[in-house]
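Order of the sequence lines sets the chain letters (A, B, ...), proteins ahead of strands, with each chain counted from 1.
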Number of protein chains: 2
Amino acid sequence: METFVFINDDFVTEDKGLIHYRDLSIQRGYGFFDFFRVKDKVPLLVEEHLDRLFRSAEIMHLSIPLSRETIKSVIYSLISKNGISDSGIRITVTGGYSGNGYSLTNPNIIISENQFTLPKEVQYKEGIRLALYPYQRQLPEAKTIDYLMEIWLQPYIHLHAADDILYFRDGAITECPRSNFFIVTTGGEIHTAGENILKGVTRSRIIKAAMGHFELKERNISPDEALQASEAFICSTTKGILPVTIINGKPIGNGKPGPVTELLGRLLHTAHMTGSEV
Amino acid sequence: METFVFINDDFVTEDKGLIHYRDLSIQRGYGFFDFFRVKDKVPLLVEEHLDRLFRSAEIMHLSIPLSRETIKSVIYSLISKNGISDSGIRITVTGGYSGNGYSLTNPNIIISENQFTLPKEVQYKEGIRLALYPYQRQLPEAKTIDYLMEIWLQPYIHLHAADDILYFRDGAITECPRSNFFIVTTGGEIHTAGENILKGVTRSRIIKAAMGHFELKERNISPDEALQASEAFICSTTKGILPVTIINGKPIGNGKPGPVTELLGRLLHTAHMTGSEV
């Protein structure tokens, strides 16, 4: 079965998914996107992701060339045309074809459906390892295409026997390149950064799910506080909640996924399954 | 006359200058480039720009898929095929088509020839206005395609009645988004940042040209020092030396282009015209 991708105003086959080299994404790295899961041909949390897409557009001074309703209709057509049960949908909006290679112009929009890989089961069971790195994402509240530092740091990740990077700047941890970061304090409170981060859709779900069960604070967490935490975990659309058991080579808590992380994972899972607005 | 662009291994007409949307430039903003002038069909300082292109590749962990000699031969063919006397050549190298949308792969290379606009004569006569902004370019010594902040700041530039941005971080001025920055102190010395900047080809020429005429120092310049300077100027391949007469609304020196800037401009011009290695 052929895979289709939607570009600007048309469905084309994957091989024809082409963008002119004068686009500001290629010339100047200017663009933003959003990404969400499709499970059994049903797009998950699509409204929340579209909210964030339009918020990114606003921050980036770009107008999305399609209405929200048109984008949704394209998503459903794409799922139907491609016939993939479980996938990721990516909506990419670029700076467009700029005459002077510089000024913003009419954006190009690409809506594509991709296979994607979930984390391995063992990572949920044993947790993952993070390496701290001093960096602050540019325009953090927009989901920009700027992953320069993250890709550039791949050798650093391998060198430090880690699975991913944990960014901090001026003594405050912000986020991982593609996930939000939480700690559970020895007092049993849940803390996560509240500023200079991309506010993840799963992050918001977790904050809601935690209510009534835990004390939750959005505040600056220092690298030292993270290393002294009782538990730590990251979250994202594709990962859900993934325990973090090692940071900079040091075990977090007893070095195993903890009970709070596990309970939150169950609360989030239940919320997804029932579709309830936890 | 049709314009040609070279992509990977082929000259194609401008309208066929297409890149697949899975390229890491579009997906992740990952790529680098270099840019130089062609005057009377002769590419200027091409060896220096190729040196920097290969240096950028090294920093970015990418291998350029063509040899230096092949790139040069493509440049000369492009100039001959396109028949444009005065132009800018841009060599763009991207992260390539990544299977997982993340890992580096075989880069795509695009070599294009563009019309470009020199600064207006009045800007050389009266100088330009800069607005300070706290920012540090990512991987500053590579000429990455990451101009996210620069493009995002266009409304800021207009709001502050400026012509361009001057970046500083932690009390030290680094550079403008597409130019290096120099001051002339009241003592007649020439100072420019020596670290966390892209080392411009014209910048190197100026440093050489200044020797024997002026005391020149590469050091951190604070915003206050810049505001108290006797003269200031920026330089780039396309601009040469351009006087800066206003920073953050405040006149620099007497608010007019100064004699040191003018003399350096003449030294640089002479060096270019004679082709001598000043």
Side-chain angles (χ1 to χ4, degrees), chain A residues 5-7 12 14-33 35 59-62 88 90 92 94-95 98-104 108 110-112 114-117 135-139 142 144-155 170 177-178, chain B residues 5-7 12 14-33 35 59-62 88 90 92 94-95 98-104 108 110-112 114-117 135-139 142 144-155 170 177-178:
Chain A
V5 52
F6 183 89
I7 299 194
V12 295
E14 176 72 13
D15 59 312
K16 294 200 178 65
L18 303 168
I19 293 290
H20 197 269
Y21 79 93
R22 288 193 187 277
D23 187 86
L24 280 178
S25 57
I26 301 169
Q27 299 276 314
R28 303 283 178 199
Y30 206 85
F32 62 94
F33 72 106
F35 183 87
I59 295 172
M60 299 280 284
H61 311 140
L62 285 171
R90 180 175 163 133
T92 308
T94 70
S98 179
N100 61 5
Y102 199 67
S103 306
L104 290 179
N108 285 309
I110 306 157
I111 306 179
S112 60
N114 314 282
Q115 309 276 4
F116 77 96
T117 322
Y135 176 71
Q136 168 64 58
R137 281 181 57 245
Q138 309 187 86
L139 305 184
T144 73
I145 60 168
D146 171 32
Y147 285 67
L148 179 69
M149 196 49 66
E150 179 190 16
I151 292 181
W152 185 75
L153 284 170
Q154 292 305 300
D170 299 331
R178 299 191 283 183
Chain B
V5 53
F6 183 90
I7 299 195
V12 295
E14 175 72 13
D15 59 311
K16 296 200 176 66
L18 302 168
I19 294 288
H20 197 269
Y21 81 92
R22 288 194 187 275
D23 186 86
L24 281 179
S25 57
I26 301 169
Q27 300 276 313
R28 302 285 179 198
Y30 205 84
F32 62 94
F33 73 106
F35 183 86
I59 295 171
M60 299 279 283
H61 312 140
L62 285 170
R90 181 175 163 132
T92 308
T94 70
S98 180
N100 62 5
Y102 198 66
S103 305
L104 290 180
N108 286 308
I110 306 158
I111 306 179
S112 60
N114 314 283
Q115 309 275 6
F116 77 95
T117 321
Y135 176 69
Q136 168 64 59
R137 282 180 57 243
Q138 308 188 87
L139 305 184
T144 73
I145 61 168
D146 170 31
Y147 285 66
L148 179 69
M149 197 47 67
E150 178 190 17
I151 293 180
W152 186 75
L153 284 170
Q154 292 305 301
D170 299 331
R178 299 191 283 182

Item to check | side-chain contact (heavy atoms from CB on, under 4.5 Å) evaluation trace for A:R28 with B:I145 | outcome: CA-CA 5 Å; A:R28 303 283 178 199; B:I145 61 168; 5.9 Å; no
Next on the checklist: Which heavy atom of B:I26 sits nearest to which heavy atom of A:T92, and what is that distance?
Outcome noted: O-CG2, 4.2 Å
Checklist entry - What part of B:Q154 is in contact with chain A, defined as an atom under 4.5 angstrom from a non-hydrogen atom: side chain, backbone, both or neither? => result side chain
Checklist entry - When heavy-atom pairs shorter than 4.5 Å are enumerated against chain B, which of A:R22, A:E14, A:Q115 gives the highest number? => result A:E14
Checklist outcome for this item: So, the part of B:I19 with a heavy atom under 4.5 Å from chain A: the answer is both
Item to check | Spacing of CG belonging to A:N114 relative to CD belonging to B:Q27, to within rounding of 0.5 Å | outcome: 7.0 Å
Item to check | Option that, when pairs with chain B are counted at under 4.5 Å, heavy atom only, ranks first among A:Y102, A:Y30, A:Y147 | outcome: A:Y102
Item to check | Closest non-hydrogen atom pair between A:G29 and B:L148, with its separation | outcome: O-CD1, 4.5 Å
Checklist outcome for this item: Note: A:H61 and B:W152 closest approach over all heavy atoms is CE1-O, 3.1 Å
Next on the checklist: I'd like to know which of B:T94, B:L62, B:D23, B:I59 tops the heavy-atom pair count under 4.5 Å against chain A.
Outcome noted: B:I59
Next on the checklist: Distance to the ring centre below 6.0 angstrom and angle to the axis at most 45 degrees; does that hold for A:R90 and B:Y21?
Outcome noted: no
Next on the checklist: If you count heavy-atom pairs within less than 4.5 Å of chain B, which of A:M149, A:E150, A:M60 leads?
Outcome noted: A:E150
Checklist outcome for this item: One option among B:N100, B:T117, B:V5 has the most heavy-atom pairs under 4.5 Å with chain A, and it is B:V5
Item to check | Atom CG of B:D170: over 12 foreign heavy atoms under 6.0 Å | outcome: no
Checklist entry - Which one of B:L139, B:I110, B:I7 has the most heavy-atom pairs closer than 4.5 Å to chain A? => result B:L139
Checklist entry - So which part of B:N108 gets closer than 4.5 Å to some heavy atom of chain A, the side chain, the backbone, both or neither? => result neither
